[in-house]
Amino acid sequence: MNKFPENTAKQETTASSGEEAVSTNFIRSIIASDLKSGAPAKKVVTRFPPEPNGFLHIGHAKSICLNFGLAAEFGGVCNLRLDDTNPIKEESTYAEAIMEDVRWLGFDWENRLYYASDYFEQLHEFALRLIRAGKAYVDDLSPEQIREYRGTLTEPGRESPCRNRTVEENLDLFARMRAGEFPDGSRVLRAKIDMASGNLNLRDPVMYRILNAPHHRTGDVWCIYPMYDFAHGQSDSIEGVTHSICTLEFEDHRPLYDWFLDQLEIHHPRQIEFARLNLSYTVMSKRKLLELVREKHVDGWDDPRMPTLTGLRRRGYTPGAIRDFCRRIGVAKRESTVDVGLLEHCLREDLNESAPRRMAVLNPLRLVITNYPEGRNEEFEAPNHPQKSEMGTRKIPFARELYIERDDFMEDPPKKYFRLSPGREVRLRYAYIVRCDEVIRDEATGEVVELRCTYDPTSRGGAPADGRKVKGIIHWVSAAHAVSAEVRLYDRLFRKENPTGDRQEPDYRAHLNPDSLEVLTDCRVEPELGKSPQESRYQFERLGYFCVDSRDSAPANPVFNRTATLRDSWAKAGQA
RNA sequence: UGGGGUGUCGCCAAGCGGUAAGGCACCGGACUCUGACUCCGGUAUCCCAGGUUCGAAUCCUGGCACCCCAGCCA
């Protein structure tokens, strides 16, 4: 029985406007002034338009928070639209995963789930209109020829010989394209704009291509599919989107979208571009993430080291922490790379509040209290949170034989080390003060295998009888009562801050961190942790935040993932 | 010799002519039965050069640097 329903996956908080505001951003200003002047409409409509060809990552979270957040802030709505115009790359399993992730992040598109494929018929009609208006033509050039004819960045392109076909001929050819008379790549429908434009997007861009491939939603109804550029702007228009928020690379596509919208004389959303999120020590492009999965550098899209939402979730991140992160990074047009430390900070801030405390020993070292009666047991009632008594308490069994962390003992400690060492005293958290009297080692290897200590019975739960102070406090677990567990220690996936920016070694995969995962199989955790539901999160005192692995953990063999360490000023000082 | 963008603290980011917010990180210190949390305190003159102005990060001119665009990908 889990006492902390707010700590389980089912009851995650949803995004609300109650989260405190940070500084404003340029998009908010634009919308506010549009609203004031009554520019596009009274009601703000935004949309989050992913392509269902991969999993969502933290960069998408920025866009999701932005689009849903802005809509909520201005009393409007945000649609979820799957941009599925390329049947070769898209799958419905991705679409489902996307919906699950957006929901998990805390956003609700209500009944406004759309697909670009919903508009295929309408888009086709738009294409026909442009053909009839003499603004589009069927081109027989091969893909290679089209590229040659396009010119270069500094030289204008040349017009295709097919450019001046009659409307009738174009209509006929386009109909036959749709009817499936031609093989893939043999013909395309192009917009007739300007082959000399400095903006390559306007050099007669392809609107439709022939793809004899089944689509995950429309099956084999179509064998011609609209290009993203021909579908996206019109899809936004059809949905009545007032503000089409997208990333920087679409800035020079905007004139093209404007052109289509103007020719078609349909509703004209305002497109606003912002810089996509980059995070230090990871990669964010879908192509690279797919590669990491396919080449088995990670365990799958939900590997806890992945920056995917599903990976972060399995790692133990909370939706609230991710939303807070997205709020704090801001929105602007300059390219930037956010320090992953900020993400971790948001996580710790959230989990510090919500995660119940537990004791767990990762690298056990046996400790025997020689003056504690054999066979005796007692229980300590420990608070689940040091500052929040409303989170309750739980009982922790104590006995003569315990395990402590190997790191909490040093035979020859440096200055200012106030954990256990021969002849020194330390407090066992919530229990007694013990003194180390003797060190037992393995005769063969010399390795320390056990500590013999004596405890001070007067120190139970408070200062000892003589009032002496003990600076060091360590965590422990009763040897007889502890539950065995596997713990997976995760670290950053790459050892370079910018894995893709190294001139010496351009292959980002060469910068993978070989130590990004360390599996500990002989951990001992307090009994209470044996009952943890999947995905529940805890703070293991003095160690960090951990969550129950959603895939591999079982009641008999619990598996914990380390979400993040606690800040550690001792380790940082280089002492440990 | 094309087009489109961007340059404010180590990393993000406000600022919109009136004399540089905030967050993260970092460095001190207080507190503490988590070396956690919390709490105090500390750290920039705005890519460069001219100009306009009583006054410029904000306006003008000229440079420089970086990013994106030549998929029948999105």
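Hydrogens, waters and symmetry mates are skipped; everything else that's a heavy atom, side chains included, is used. All chains are named by letter (A, B, ...) in the order of the sequence lines, taking the proteins before the strands, and each is independently numbered beginning at 1.
Phosphate contact (OP1/OP2 of G2(B), side-chain N/O of T152(A), threshold under 4.0 Å): absent. Listed pair T154(A) / G3(B) fails the phosphate criterion, with no side-chain N or O lying under 4.0 Å from OP1 or OP2. Here H345(A) reaches the OP1 or OP2 of C24(B): one of its side-chain N or O atoms lies under 4.0 Å away. OP1 or OP2 of G7(B) has at least one side-chain nitrogen or oxygen of R334(A) nearer than 4.0 Å. At C24(B), none of the side-chain N or O atoms of R348(A) fall inside 4.0 Å of OP1 or OP2 (strictly under the cut-off). Applying the 4.0 Å criterion to OP1 and OP2 of A70(B), one finds that R203(A) has every side-chain N and O outside that range. Here R209(A) reaches the OP1 or OP2 of C73(B): one of its side-chain N or O atoms lies under 4.0 Å away. Residue K572(A) places at least one side-chain N or O under 4.0 Å from the OP1 or OP2 atom of C26(B). R567(A) has a side-chain polar atom (N or O) that falls below the 4.0 Å cut-off from OP1 or OP2 of C26(B). Regarding contacts with the backbone of A13(B), a side-chain N or O of S336(A) is found under 4.0 angstrom from either OP1 or OP2.
Separating the P atom of C16(B) from that of C60(B) is a span of 16 Å, rounded to the nearest Å. When the C1' atom is used for both C48(B) and U6(B), the distance is 16 Å, rounded to whole Å.
F48(A) and H60(A) have perpendicular rings, their planes meeting at more than 60° on a 0 to 90° scale where under 30° would count as parallel. In this structure, F250(A) and H232(A) have parallel ring planes: the angle between them is below the 30° cut-off, well short of the 60° mark. The aromatic rings of Y114(A) and Y119(A) sit tilted relative to each other, their planes meeting at an angle between 30° and 60°.
Checking C69(B), G35(B), A74(B) against every side-chain atom of L200(A), the shortest atom distance belongs to C69(B). Closest to the side chain of T24(A), from the set U34(B), G15(B), G71(B), is G15(B). The listed nucleotides are A14(B), A74(B), C72(B); the one nearest the side chain of E51(A) is A74(B). Closest to the L153(A) side chain, of the nucleotides U32(B), G2(B), C12(B), is G2(B).
In this structure, F182(A) reaches neither bases nor backbone, as no heavy-atom distance under 4.0 Å exists between it and the strands shown. Within 4.0 Å (heavy atoms only), N25(A) reaches sugar-phosphate atoms of the nucleic acid but no base atom. Within the nucleic acid shown, P386(A) comes within 4.0 Å of at least one base atom, counting heavy atoms only. In this structure, R427(A) reaches the bases: a heavy-atom distance under 4.0 Å links it to at least one base atom across the strands shown. Counting non-hydrogen atoms under 4.0 angstrom, K471(A) reaches a base of the nucleic acid.
In textbook terms, a nucleotide whose glycosidic angle is within 90° of 0 is syn, while G42(B), being further out, is anti.
Atom-to-atom, CD of E349(A) to C1' of G23(B) comes out at 10 Å; the value is rounded to the nearest Å. What separates NZ of K469(A) from P of C31(B) is a distance of 11 Å, to the nearest Å. If you take CG of L202(A) and P of A70(B), they are 14 Å apart, rounded to a whole angstrom.
Each of D324(A), L351(A), L312(A) was evaluated against T318(A); a single residue qualifies, L351(A), per the side-chain contact (heavy atoms from CB on, under 4.5 Å) test.
Nucleotide A13(B) forms a pair with no other nucleotide shown, judged by Watson-Crick or G-U wobble geometry with both contacts under 3.5 Å.
Taking a cutoff of 4.0 Å between a charged side-chain nitrogen and a carboxylate oxygen, D118(A) and R81(A) do not qualify as a salt bridge. Salt bridge annotation for D350(A)-R348(A): absent, with no cationic side-chain nitrogen under 4.0 angstrom from a carboxylate oxygen.
No hydrogens or angles were tested; on distance alone, a donor-acceptor pair under 3.5 Å links the side chain of Q539(A) to the base of U34(B).
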